[in-house]
Amino acid sequence: MPIIPLKDHSQELRLFESRVLVATVFGVLLILGLITRLGYLQVVKHRYYATLAQDNRVSPVPITPARGLILDRNGVVLADDFPVFTLQVTPDQVPNMKRLLAKLRRLVALNAQDIRDFQRRLAQHKPFQSVTLRAHLSEAEAARVAVNLTRLTGATLHAQLRRYYPLGGLATAAIGYVSRITQTELQGHNADRYVGYREIGQMGIEKSYQNELMGRIGYKDVEMDARGRAVKVLKRILPHAGHNLYLNIDAQMQAIGEQMLNNRPGTVVALNPRTGAVLTFISSPIYDPNPFVEGIREKAYEALATNPDGPLDNRALNGLYPPGSTIKPFYAYAALQAPWFHPHKHIICPGYYHLPHSTHLFHCWRPLGMGRVDLKSAIERSCDVYFYRLAVKQGINRMTRYLADFGFGHRTGIDLPGEYRGLVPTQAWIKASGRPWYPGQTVITGIGQGPLLVTPLQLADAVATIANHGIRMRPEVVRGIVNPVTHHVRFRKPHAYPALPRRRKNSLKRLIRDMTQVVEGPRGTARGIAYDLPYKVAGKTGTAQLWSMVPGYKGQHIRSDALFIAFAPVNHPRIAIAVVVEHAGFGALAAAPIARALMNFYLLGHVHVRPQNQSRPEIAQARTTP
Amino acid sequence: MTLFERWHIDKSLFTALAILAAVSLVVLYSASGESLGFALGDAARLAIGFVVMIAIAQIPPETYRRWSVPAFVIGVVGLAAVLGIGVVRFGARRWVALGPLSIQPSEFMKLLVPMVLSWFFSRSHLPPRLGRIIAAALILLVPVLLIAKEPDLGTALVVLLSGVIVLFLAGIGWRTIATVLMMGAAAAPVLWAHMHHYQRQRIYILFHPQADPLGAGYHAIQAMIAVGSGGLFGQGWLNSSQAHLHFLPDSTTDFAFAVFCQEFGLFGNLALLGLYLFIVYRGLRIAFAAQDSYSRLLAGSLSILFFFDVFINMGMVAGILPVVGVPLPLLSYGGTSLIIIMAGLGVLMSIYSHRRLVN
């Protein structure tokens, strides 16, 4: 019988038991050591470590840099920083809260509501967290607290810089505003960048130049005592102040424009056609951005948001308007590229137009018609029938294709966030819309009605392109970025879009001549602004008809938007301007005088007005001294 | 047949683990700065752990014995793959990407090494002869060296420990043990010379935490402050200033125990320690009741390894062991390590509940 190696189970079990016994003894020793150590830390040295936890807190405190200033082209401050003082209390460092509050009451104004809010916040925070007792201390109050701080155990005074817009609502459409960073904005990649910052640019320049304006955060490692006061600063990394921005905007010109619009809904955009510099950027009615910095009260916001004039809309950037007759020079430009088009050929305007095989009449704005018109007089007098016919002859695709030369249907690339593209009914758009395109729509698109929509900024950039003989510049709000320490200026380089082909450029000369007739010509629609002008203006008026979308009145005609585009001087253009005044009727009457005043101011240095019509400009003058 | 019996669950073990899970939720909610989302994530993680444990308890230990070797080989291949194609995170190559998951094969070794060594020793008489001991040591050194190469010294040491426990339980002679210890003492200076700078730093800091209070000693000092300021009764739940003011790093993972110490004090610590020791005690009881040497060795080594996991983490927080990245079982937030711990406990339950009731 072979020897089978039988396992001796009871012997193996005994061996195992003895080994576990040894391990247990070892384990018990380890545990006893651990418990001894824990007891040593938590009982014997408890007081020492509790003091360490309480007293010797080295904590990194962020030093927020000053946000960069925003100044106009002449150095007028448009966005500034000023210090605000906040009184805070850390509850677990206060020996007697009642007595502290009584002491503080003698130093700063504290009403019952402040105390109630404070108690509420106390309940929400942990005892070792500091809680705001009162914000916005006056300088006198802050000084009184600062002097007595040694007797106010548990109270601390915090100074912070806050954004302030000294000129109120001036140019808010371009500058935008800052407000407190919300939790959602802190999510993701922003979390680390904005540690220590309270404010973040929400709109306009404040948003698009956030990186330049915010500077770089600094830190100091502060050793705190049991009262939460800084004992000493161990290490300090200084912050870098934000860069200052010089704008192309002229605050005085901006004020004149805003004053002339007088809070009627409307917008003005003025550019330097050679550089694209944005001289004026108005969206009216204006509103004061200062309440937004600290968080606007709900009621005040409600009032702004429900205002039928829509002050919160950025009309210059996001307003979508039918361009009306101001679009006519651009269609004429398209036609001038065609070999079959003869600008000198006359047509007869009988005051109406109808498509072949149709009885529907499209009227001219002059019911009795204008008689014989060629391209020159059609632009000068803004003949609708001439452009109805031109539209039908060209067809919608040709008309819209050439609009791209002036940037219609595309973003201008201005350094402001959230720009709209407008709407050009190109072939692709018509296809995507899924609806049939009727010949009648081509007819009305020929005078700037129908689905075609432009933003005032696009309109200004387009007229600047004409003025600049076909070289379209990117509009720039910011002129230069200044390092506040070295005073080194980084100028924004003007950016030109690809120039038009020479042949197309040549047709612009004729257009400029014809547009000059709008102001200078004997029958020009804007001849009313031509008096006493020492320089020549080229322009085009427009009146965009509107139909109400309000239920009950749907489809009814409401008062038209007045539009005017212009540039001056004609030979060496220095300013191009687009004005829209909503519901103001004829463009020549409502919009053109505003353009005249701004061009006068920019080119001559004063607003020249007729003596009998002085009410509005006079106010404008009063406002312009900043 | 009760519900627990039908599902092969050990009732007392399960109860203790459930209490620990609840403690984990309570502590991590506070340590994460009262983030409900974090606590919910922890709950989901614990739920998965329990599911894994119960699932593993369903399979009889015989199956594990048969699969010990193939699983170990796959694990070693995984470790080799980490060195080859692994993902580098925090300066160490420890993860291998599998689609959306990233797996740390070194963690699995905490389970696979005891399994394979238990299998190895259960095939022969115990105590083993010297030849088998050397063979076992070689088997053990393969994963340990691979992990140390990543580099992940903490896990390598724990894996080494898990193997040593099996060797010890298998009954190697005291003379052999004494020899190995002396050789180890002799080799220590060589090892020290081959360690990374930060690893040496950690051991040095253990004895001189004040040498670099804002650098290498920061973890140790802040943890000690948290522990010490807890006192006898603690500061109370949600009042750990060390965690809430962000003085304590890794407060939800490796240093969760420090938060517990500050909030619940020495009495809380003793209760928590009692809970852990009960689990170890229960595991050893299961080992005694096991019916074959494979199950016995495996259950015994897993229980003792669990003890060391607890001890190493608590010792690290209390400042008697260097700062190594070993999480506290169940309490710390962590994915793979929790799954492995729960799987080990599932194996324990399987061994206990699949006993043959003959005799």
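Below, read A as the first sequence line, B as the second, and so on, with proteins coming before strands; counting in each chain starts at 1.
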Answer with side chain, backbone, both or neither: which region of Phe168(B) has an atom nearer than 4.5 Å to a non-hydrogen atom of chain A?
both
Would one find more than 12 heavy atoms of other residues, nucleotides or ligands at under 6.0 Å from atom CD of Gln113(A)?
yes
Against chain A, label Phe308(B) side chain, backbone, both or neither, depending on which of its atoms sit under 4.5 Å from a heavy atom there.
side chain
Chain B interface, residue from Ile35(A), Val44(A), Ile31(A) that has the most non-hydrogen pairs under 4.5 Å
Ile31(A)
For atom CZ of Phe38(B), decide whether the heavy atoms of other residues, nucleotides or ligands shown that lie under 6.0 angstrom number more than 12.
yes
OG1/Thr24(A) to CG/Leu284(B) distance, rounded to the nearest 0.5 angstrom?
6.0 Å
Heavy-atom pairs under 4.5 Å with chain B are the metric here; pick the option from Lys45(A), Arg37(A), Gln42(A) that has the most.
Gln42(A)
Distance-minimising heavy-atom pair for Ala50(A) and Ser229(B)
CA-CB, 3.7 Å
So, do Leu13(A) and Arg296(B) sit near enough that their side-chain heavy atoms are less than 4.5 Å apart?
yes
Chain A contacts, top residue of Ala226(B), Gly234(B), Ser303(B), Pro127(B) (heavy-atom pairs, under 4.5 Å)
Pro127(B)
Counting heavy atoms not belonging to Phe118(A), are there more than 12 under 6.0 Å from its CZ?
yes
For atom CZ of Arg121(A), is the number of surrounding heavy atoms from other residues, nucleotides or ligands below 6.0 Å larger than 12?
yes
Which pair of non-hydrogen atoms, one from Ile225(B) and one from Tyr49(A), has the smallest distance, and what is that distance?
CA-CD2, 3.6 Å
Heavy-atom side-chain proximity of Leu34(A) to Leu273(B) below 4.5 angstrom
yes
Would you call the rings of Phe16(A) and Phe288(B) parallel, tilted or perpendicular, where under 30° means parallel and over 60° means perpendicular?
perpendicular
When you measure from the side chain of Arg19(A) to the backbone of Ala170(B), do you find a donor-acceptor pair of N or O atoms at a distance under 3.5 Å?
no
Test item: Phe26(A) and Ile304(B) side chains (from C-beta on) under 4.5 Å apart, heavy atoms:
no
So what's closer than 4.5 Å to chain B heavy atoms on Leu30(A): side chain, backbone, both or neither?
both
May I ask you to test the Met224(B)-Leu41(A) pair for a side-chain heavy-atom distance under 4.5 Å?
yes
Got a sec: does the NZ of Lys103(A) have more than 12 other heavy atoms crowding it under 6.0 Å?
yes
Decide if atom CZ of Arg175(B) counts as having more than 12 heavy atoms of other residues, nucleotides or ligands within a radius under 6.0 Å.
no
